Amino acid sequence: MTLLVVMPGRDTAAVVDGLRAADPSIPVRVWPDTGPPDEVELALVWNHPPGALASLPRLRAVCSFGAGVDHVLGDPELPEDVVLTRLVDPALVTDMVEFAVGILVASRRSFVVYHDQQHRHLWRPRAYSRRRTAVVLGQGELGAAVGGALASLGWRVWGWSRSGRAGPGVTAVVGWDDLIEVVPDAEAVICLLPLTPATEGILDAELFAAMAPETLLVNLGRGRHLVEEDLLAGLAAGRPEAAWLDVFAPEPLPADHPFWDHPRITVTPHVASLTEPAAAAGLAAETWRCLRGGRPLPHRVDRSRGY
Ligand code: NDP
Ligand code: OXD
């Protein structure tokens with residue numbers, strides 16, 4: 001039985017090294033060199049070619065190389081009975097917290113404006129608000145940590161989830177109507193939702209219309225959470241005032257896309273939190289051992305919920 005790494009276009013050497021370090025006894029292959037397809041029992045995947053997993057008749061489980069699983073569930077030929085797991089890693093959480101807090105601090109305190117002013121030899125202090133309020137959409141591993149970190153820095157934070165789960169110091173918000181009620185009080189709205197049929201297009205005109213002027217939209221979830229034309233119209237109307245986008249549909253963002261040159265959009269290339277190959281390899285190795293030992297798999301995804 002083998003573990004197949006399916007990450008087209010990515011450097012898989014570090015992942016294979018990580019798997020060897022985690023458990024040298026695991027027989028590893030790298031797509032497209034599957035070996036005998038009926039020997040593959042577990043796959044570690046990132047953006048696999050749709051249909052690739054359907055050609056593996058004894059596949060039992062798939063590990064996502066990242067926290068998100070939309071890239072796996074988007075495959076219409078994903079075998080029904082395959083168990084899906086995802087990466088849950090403290091380093092991924094720390095990196096996300098650092099990135100999200102960094103964006104909010106840099107934006108509120110005008111770091112980019114001062115950098116520009118320096119080069120124009122301008123001495124112009126700018127006022128800033130002390131309200132410090134944010135809505136974090138998604139209160140899972142990442143959203144709860146971001147919300148909790150902001151709360152510990154004195155921010156008033158509302159955290160939106162389906163169940164009412166919320167990070168430490170974060171006020172839970174459930175349901176669209178309650179979300180729309182708190183959004184006008186937020187200086188920043190941060191999206192850390194998984195991409196599912198229920199969350200696709202959630203960053204839309206209705207949400208933007210509810211925002212107060214001077215609100216910052218931060219999308220760290222997935223590009224398809226955002227209705228792009230609604231954002232461009234919203235920015236023109238001043239709600240949101242600005243946007244920081246780390247994720248796009250598709251990626252990379254096409255060279256002629258209007259977001260690149262928009263004066264109030266900041267584009268970063270999906271770097272908020274980068275998967276550490278050794279961590280993903282560790283998860284895959286642990287999943288392998290659980291499969292072999294007949295134990296429940298770690299960080300299992302509820303396929304019907306989509307996250
Ligand atoms: P989790 O699965 O741990 O958490 C998901 C959260 O979203 C939960 O709080 C869940 O609510 C909430 N949620 C899901 N659907 C809805 C809905 N319809 N309405 C309201 N709340 C909803 O995910 P993670 O925190 O680990 O990751 C979130 C996403 O971040 C990933 O799916 C990925 O897309 C993105 N990501 C981006 C990265 C980047 O570099 N930009 C890096 C890593 C991840 P409940 O708690 O009630 O179930
Ligand atoms: C992830 C990501 O899902 O990198 O981990 O976006």
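Note that ligands are numbered from 1 as they come in the structure, with each ligand's atoms numbered from 1 the same way. What you see is a predicted model, and the numbers here were worked out from it, not measured in a lab.
Looking only at side-chain heavy atoms (C-beta outward), Q117 and W123 stay at 4.5 Å or farther from each other. Looking only at side-chain heavy atoms (C-beta outward), W158 and D185 come within less than 4.5 Å of each other. Contact of the L4 side chain with the L42 side chain is not registered, since no non-hydrogen atoms from C-beta on lie closer than 4.5 Å. Put simply, the side chain of L231 reaches to within 4.5 Å of the side chain of F259, judged on heavy atoms.
The two residues L274 and V271 have their closest heavy-atom pair at CD2-CA, 3.8 Å.
Distances between N or O atoms of Q139 and those of ligand 1 include at least one value under 3.5 Å.
Residue pairs meeting the side chain to side chain donor-acceptor pair (under 3.5 Å) criterion with at least one member in residues 80-95: none, sequence neighbours excluded. Here side chain to side chain donor-acceptor pair (under 3.5 Å) pairs that include residues 210-232, with residues two or more places apart or in two chains, are D70-R222, T199-H225, E200-R224, E228-H257.
The protein heavy-atom contact nearest to atom 37 (C) of ligand 1 is L220 O, 3.0 Å. For atom 38 (C) of ligand 1, the closest heavy atom belonging to the protein is M96 CE, 3.5 Å. Protein heavy atom in closest approach to atom 19 (N) of ligand 1: R162 CG, 3.4 Å. Summary of contacts: the protein heavy atom closest to atom 31 (C) of ligand 1 is G68 CA, 3.9 Å. Atom 40 (O) of ligand 1 has its closest protein heavy atom at S273 N, 3.1 Å. Counting only heavy atoms of the protein, atom 33 (C) of ligand 1 lies nearest to R222 NH1, 3.5 Å. Nearest protein heavy-atom contact of atom 4 (O) of ligand 1 is G140 CA, 3.1 Å. In terms of protein heavy-atom proximity, atom 48 (O) of ligand 1 is closest to Y307 OH, 2.5 Å.
For ligand 1, the atoms closer than 4.0 angstrom to any heavy atom of S163 are 45 (P), 46 (O), 47 (O). In the vicinity of W160, heavy-atom distances shorter than 4.0 Å reach the ligand 1 atoms 19 (N), 20 (C). When each atom of ligand 1 is checked for a heavy atom of R86 under 4.0 Å away, the hits are 1 (P), 2 (O), 3 (O), 23 (O), 24 (P), 26 (O). If you number the atoms of ligand 1 from 1 as listed, the ones under 4.0 Å from a heavy atom of A198 come out as 18 (N). Heavy-atom contacts of L192 reach the following atoms of ligand 1: 28 (C), 30 (O) (cutoff under 4.0 Å). Close contacts of ligand 1 with A272, meaning ligand atoms under 4.0 Å from a residue heavy atom, involve 39 (C), 40 (O), 41 (N).
Hydrophobic clustering (ILVMFWY, side-chain heavy atoms < 4.5 Å, transitive): V218 and W155 are in one cluster.
The salt bridge (charged side-chain N to carboxylate O under 4.0 Å, His left out) search around R289 returns D23, E286, not counting sequence neighbours.
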Give one line per pair: atom of ligand 2, protein atom, distance. Only N/O to N/O under 3.5 Å.
| unit_1 | atom_1 | unit_2 | atom_2 | d |
| --- | --- | --- | --- | --- |
| ligand 2 | 3 (O) | A67 | N | 3.2 |
| ligand 2 | 3 (O) | G68 | N | 2.7 |
| ligand 2 | 3 (O) | R222 | NH2 | 2.7 |
| ligand 2 | 4 (O) | H270 | NE2 | 3.3 |
| ligand 2 | 5 (O) | A67 | N | 2.7 |
| ligand 2 | 6 (O) | R222 | NH1 | 2.8 |
| ligand 2 | 6 (O) | R222 | NH2 | 3.3 |
| ligand 2 | 6 (O) | H270 | NE2 | 2.6 |

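Salt bridge status for E41 with R58: absent, with no side-chain N to carboxylate O gap under 4.0 Å.
Residue W46 holds its CH2 atom at 6.0 Å from OG1 of T275, rounded to the nearest 0.5 Å.
Taking the six-membered ring for Trp and the full ring otherwise, the centers of W31 and H48 sit at least 6.0 Å from each other.
Contacts with ligand 1 closer than 4.0 Å are made by side-chain heavy atoms of V247 only, the backbone lying farther away. Residue R165 touches ligand 1 through its side chain alone, judged by heavy-atom distances below 4.0 Å. Residue contacts with ligand 1, taken as heavy atom pairs separated by less than 4.0 Å, do not involve T196 at all. Contact annotation for D246 and ligand 1: only side-chain heavy atoms (C-beta onward) come within less than 4.0 Å of the ligand.
Cation-pi geometry between R109 and Y128 is met: under 6.0 angstrom from the ring centre, within 45 degrees of the axis. In this structure, R292 forms a cation-pi arrangement with W288, its terminal cationic atom sitting closer than 6.0 Å to the ring centre and no more than 45° off the ring axis.
Comparing G306, G138, P194, G221 against atom 5 (C) of ligand 1, the shortest heavy-atom distance belongs to P194. Looking at D70, V136, L193, L274 and measuring to atom 13 (N) of ligand 1, the nearest heavy atom belongs to L193. In this structure, of L142, L137, V173, the residue bringing a heavy atom nearest to atom 27 (O) of ligand 1 is L142.
The closest approach between a heavy atom of G66 and any atom of ligand 1 is not below 4.0 Å.
More than 12 heavy-atom neighbours from other residues, nucleotides or ligands sit within 6.0 angstrom of CZ on R264. Annotation: R126, atom CZ; neighbour count of heavy atoms from other residues, nucleotides and ligands within 6.0 Å does not exceed 12.
Judged by distance alone, the side chains of R156 and T133 never bring a donor and an acceptor atom under 3.5 Å apart.
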